[in-house]
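Every heavy atom of this structure was used, including side-chain atoms; hydrogens, water molecules and symmetry mates were not. So that the names make sense, note that chain A is the first sequence line, chain B the second, and so on, each numbered from 1.
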There are 4 protein chains.
Amino acid sequence: MKAYASALRSHEAKRLSIIEAASAVFGREGFSGANLDVIAQEAGVSRQTLYNRHGDKEKLFVAVVGELTTRMAAICVEAMTTFPDEPSHLEDDLTAFALRVNRDCICSRDGYLLRRLVQGESARYPHLFTGWEEQGAAKAWDALATGLEGLARAGWLDIEDAHLAARQFLALIRSDLQVYILLGETPDDETLEKASRSAVRTFLRAFVPRG
Amino acid sequence: MKAYASALRSHEAKRLSIIEAASAVFGREGFSGANLDVIAQEAGVSRQTLYNRHGDKEKLFVAVVGELTTRMAAICVEAMTTFPDEPSHLEDDLTAFALRVNRDCICSRDGYLLRRLVQGESARYPHLFTGWEEQGAAKAWDALATGLEGLARAGWLDIEDAHLAARQFLALIRSDLQVYILLGETPDDETLEKASRSAVRTFLRAFVPRG
Amino acid sequence: MKAYASALRSHEAKRLSIIEAASAVFGREGFSGANLDVIAQEAGVSRQTLYNRHGDKEKLFVAVVGELTTRMAAICVEAMTTFPDEPSHLEDDLTAFALRVNRDCICSRDGYLLRRLVQGESARYPHLFTGWEEQGAAKAWDALATGLEGLARAGWLDIEDAHLAARQFLALIRSDLQVYILLGETPDDETLEKASRSAVRTFLRAFVPRG
Amino acid sequence: MKAYASALRSHEAKRLSIIEAASAVFGREGFSGANLDVIAQEAGVSRQTLYNRHGDKEKLFVAVVGELTTRMAAICVEAMTTFPDEPSHLEDDLTAFALRVNRDCICSRDGYLLRRLVQGESARYPHLFTGWEEQGAAKAWDALATGLEGLARAGWLDIEDAHLAARQFLALIRSDLQVYILLGETPDDETLEKASRSAVRTFLRAFVPRG
DNA sequence: AATGAATGAGTCTTCATTCAT
DNA sequence: CATGAATGAAGACTCATTCAT
């Protein structure tokens with residue numbers, strides 16, 4: 001029993017370390033620049049194990065993207081649940097929400113890696129992009145639009161096109177983080193908070209009902 | 001004379017076709033995925049010529065990024081000169097400006113390629129990113145901030161931090177073009193105009209003085 | 001007892017399925033093209049069992065050739081016993097004999113496989129060929145020569161060199177089956193009968209005493 | 001001009017040495033056992049040249065088979081032209097013809113190699129076999145059948161089915177050379193002459209008109 | 001300057017073989 | 001005995017780079 005459990009654990013642990021290593025290397029070097037021996041080494045498994053588990057380089061790449069997409073989808077869904085449906089202080093609450101989205105979805109390591117992989121190889125594997133968009137981006141936009149619509153119905157905001165507002169909200173909250181996004185660095189909380197707050201302020205100046 | 005001129009032309013023509021081909025292939029395949037024979041062939045020159053002109057693969061890559069950066073800087077500067085310093089109709093004029101920026105700087109072929117190259121290889125060649133940021137992005141932001149400041153001084157806008165507003169303006173006008181930006185497709189003018197106008201409207205709702 | 005017997009049976013059964021699978025794969029792919037994992041899988045045993053039983057790839061190959069040689073020797077000997085020592089109808093009886101040789105020795109699956117293995121690897125393992133020739137071909141020729149000599153002594157045939165006649169008999173009866181022999185397909189009985197009969201007819205035209 | 005001619009010569013010479021080396025190695029080791037580096041080395045060219053000229057291992061193999069097929073077809077056609085249409089001494093002339101066929105078509109190096117390649121890989125590349133049969137074997141059989149028919153019409157032979165007789169003739173003349181054929185050794189002229197003569201004698205005993 | 005070849009390193013992939021469970 | 005992993009050696013194929021013509 002123990003052996004079985006530990007084998008399972010080791011099996012799953014290996015799977016994970018392969019995905020970790022592969023996403024790191026693919027992210028760092030791109031698909032063609034990635035070296036399977038390096039991945040195997042960083043994963044602490046033998047090259048054979050890579051092949052046993054994933055067949056070949058391309059399939060491994062697809063597996064990595066799939067895993068990251070799944071993970072990020074979960075994280076984004078989770079982040080969306082913190083949307084302030086009944087805000088006590090609109091600016092503060094939206095800022096907290098924006099900060100969370102920035103931290104967990106935009107500037108997280110997995111987010112960075114997934115973005116790089118999809119950006120870098122979407123030309124070669126268009127389906128990557130499709131899957132990513134449908135499972136990730138579109139869902140997040142929808143959820144956010146729904147949240148904003150709720151605020152509008154409750155009189156907090158004055159919004160005509162909720163999907164448009166959602167896209168603009170997302171665009172604004174990342175507008176001050178371009179450098180971090182590009183380089184894959186995670187900004188500290190102060191930076192995140194500042195970027196989020198200025199974005200939310202502008203967003204509210206645009207969408208809070210006047211007079 | 002003629003021979004000299006035509007030799008010159010042919011020399012410059014070759015230089016250009018090499019840059020064109022190389023940027024296309026590097027953009028498509030990334031640095032490690034690019035094949036110098038393919039570049040030579042697409043450029044219509046011999047492999048030797050690549051080496052004679054550029055020394056080696058990395059130098060060629062750097063030359064491509066340099067050329068694209070120079071070009072894009074010029075284009076952005078040019079675009080900035082169309083900023084409506086004395087607008088007749090603020091929304092229309094800013095929309096026209098935004099459309100121009102979107103079309104020429106964001107969604108153009110060179111813009112797409114340069115972004116891909118920098119994004120893909122900035123990890124490997126950090127100086128690429130530095131050069132690009134300083135010569136391209138920063139200058140554009142400065143110029144735009146100056147323009148916005150002018151509008152504010154003239155009473156058209158109510159802006160505290162002009163650089164922040166510039167970043168947000170740029171973020172907003174591209175917020176509806178993510179797909180095109182990612183895939184490198186150039187949207188038609190209607191799409192560009194719509195995306196630009198909704199962004200400008202939101203921007204103005206946020207920054208036009210009230211009451 | 002039962003357990004013992006069934007263990008034995010299973011042991012022998014495994015041995016056989018290994019030989020079957022190995023001969024099939026070696027025959028299909030040649031020595032270097034054969035993959036031990038494939039053999040193990042087709043045999044329904046684990047790779048380890050191959051190694052436990054046969055040591056390594058080369059030894060397994062030799063075992064296969066040995067097994068096939070033994071089997072084919074037995075089959076050929078058996079076929080030779082059907083030689084019509086006292087024919088009632090010479091052409092019919094010799095044709096029946098030829099058909100049997102063709103079917104069991106030349107066109108059988110094991111015959112095909114053994115021929116392929118020996119042909120393909122005799123350059124690498126000359127002793128394979130030696131063993132095969134001595135145990136298989138030579139014996140068969142001798143037996144056939146003896147049979148023909150008997151017919152000659154009984155006045156049915158007019159033969160000077162019985163070994164030569166034996167070789168020619170064998171050459172003739174396979175002359176119409178080259179395609180099947182090469183591709184390893186087993187012709188139907190009609191084809192076999194026709195090929196055998198025309199060969200026997202020619203053989204008899206050459207060796208039946210005149211006048 | 002000279003340079004051009006010498007380049008051509010060297011080009012063709014390289015092509016030939018590649019084919020020579022490749023046929024030797026493929027013949028010796030089989031398709032999967034053959035090592036392209038060895039072929040390149042034996043051909044005295046670089047590995048790259050192999051790839052430039054032939055694309056990949058499989059295409060090189062096909063090219064080798066094609067070349068050998070073409071060559072052997074020419075040689076067989078040439079041999080067939082020596083068929084004694086108007087024999088002065090039937091046995092001697094047919095023996096000379098048989099010897100020639102044996103020497104040039106059956107026991108020649110190219111014949112051996114082609115046979116090995118086709119036998120060894122016809123399972124994997126059935127089209128190899130098809131091409132070989134149609135361009136080589138079938139043509140040779142037809143030509144021989146025509147020749148025998150001529151002798152029959154002229155009263156030298158008594159033949160019903162010329163194609164059958166042709167196949168039997170070919171089977172007989174190689175019946176004493178099996179060992180050489182299998183091992184790819186070229187027998188000396190005495191052996192060839194003896195094998196051919198005994199075959200022709202039997203053939204004539206079967207097909208010369210009686211009485 | 002173009003072409004073709006050579007060199008040498010590198011990378012993906014396969015596979016025989018062994019070891020641990 | 002089966003399973004899965006590890007190791008190490010090939011081997012096919014690619015590619016940057018250089019050289020000769």
Both A:Glu58 and D:Asn52 contact DNA chain E. Taking the nearest nucleotide for each, which residue is further toward the 5' end? D:Asn52
DNA chain E nearest-nucleotide lookup for A:Gly55 and C:Gly55: closer to the 5′ end is A:Gly55
Does [X] come within less than 4.0 Å of [Y], counting only side-chain N to carboxylate O?
{"X": "A:Arg116", "Y": "A:Glu121", "result": "no"}
{"X": "B:Glu20", "Y": "B:Arg109", "result": "yes"}
{"X": "B:Arg28", "Y": "B:Glu42", "result": "yes"}

Look up atom [atom1] in [X] and atom [atom2] in [Y], then write down how far apart they are to the nearest 0.5 Å.
{"X": "C:Lys14", "Y": "C:Leu50", "atom1": "NZ", "atom2": "CG", "value": "11.0 Å"}
{"X": "B:Arg53", "Y": "B:Ile19", "atom1": "CZ", "atom2": "CD1", "value": "10.0 Å"}
{"X": "D:His11", "Y": "D:Leu16", "atom1": "NE2", "atom2": "CG", "value": "11.5 Å"}
{"X": "D:Leu114", "Y": "D:Ser23", "atom1": "CG", "atom2": "OG", "value": "10.0 Å"}
{"X": "A:Gln41", "Y": "A:Arg47", "atom1": "CD", "atom2": "CZ", "value": "10.5 Å"}

Starting at atom [atom1] of [X], determine the distance to atom [atom2] of [N], rounded to an integer number of angstrom.
{"X": "B:Gln41", "N": "F:dC15", "atom1": "CD", "atom2": "P", "answer": "12 Å"}
{"X": "C:Leu50", "N": "E:dT18", "atom1": "CG", "atom2": "P", "answer": "13 Å"}
{"X": "D:Asp56", "N": "E:dT13", "atom1": "CG", "atom2": "C1'", "answer": "15 Å"}
{"X": "B:Asp37", "N": "E:dG4", "atom1": "CG", "atom2": "P", "answer": "11 Å"}
{"X": "C:Lys59", "N": "E:dA16", "atom1": "NZ", "atom2": "P", "answer": "15 Å"}
{"X": "B:Leu60", "N": "F:dC15", "atom1": "CG", "atom2": "P", "answer": "16 Å"}
{"X": "A:Ile39", "N": "E:dT11", "atom1": "CD1", "atom2": "P", "answer": "12 Å"}
{"X": "A:Phe31", "N": "E:dC12", "atom1": "CZ", "atom2": "C1'", "answer": "10 Å"}

Nearest heavy-atom pair of [X] and [Y]: which atoms, and what distance?
{"X": "A:Ser17", "Y": "A:Ala43", "answer": "OG-O, 3.2 Å"}
{"X": "C:Leu113", "Y": "C:Gly27", "answer": "CD2-CA, 3.9 Å"}
{"X": "D:Leu117", "Y": "D:Phe61", "answer": "CD2-CE1, 3.9 Å"}

Which nucleotide in [options] has an atom nearest any side-chain atom of [X]:
{"X": "C:Lys57", "options": "E:dA2, E:dA16, F:dC13", "result": "E:dA16"}
{"X": "D:Tyr51", "options": "F:dA5, F:dC1, F:dA12", "result": "F:dA12"}
{"X": "B:Lys14", "options": "F:dC13, E:dA2, F:dT7", "result": "E:dA2"}
{"X": "C:His11", "options": "F:dC1, F:dT17, E:dT3", "result": "F:dC1"}

Decide side-chain contact (heavy atoms from CB on, under 4.5 Å) for B:Leu36 and B:Tyr51; before the verdict, give the C-alpha distance in whole Å, the side-chain angles of both, and the deciding distance to 0.1 Å. CA-CA 10 Å; B:Leu36 289 186; B:Tyr51 281 94; 3.2 Å; yes
Tabulated below should be each protein N or O lying under 3.5 Å from an N or O of nucleotides 8-10 of chain F; please produce it.
unit_1, atom_1, unit_2, atom_2, d
F:dA9, N6, A:Arg47, NH1, 2.9

Applying a 3.5 angstrom cut-off to the pairing atoms, does DNA chain F sit in any stems of at least three consecutive Watson-Crick or G-U pairs? List them by first number. E:2-21 with F:2-21
If you assign each of C:Ser46 and B:Leu36 to its closest nucleotide in DNA chain F, which residue comes earlier from the 5' end? C:Ser46
Closest-nucleotide ordering on DNA chain F, the 5'-leading residue of A:Arg53 and C:Val45: C:Val45
Within residues 16-23 of chain A, the residues having a heavy atom closer than 4.0 Å to DNA chain E are none
Just checking C:Ala34: base, sugar-phosphate only, or nothing, at a heavy-atom cut-off of under 4.0 Å? sugar-phosphate
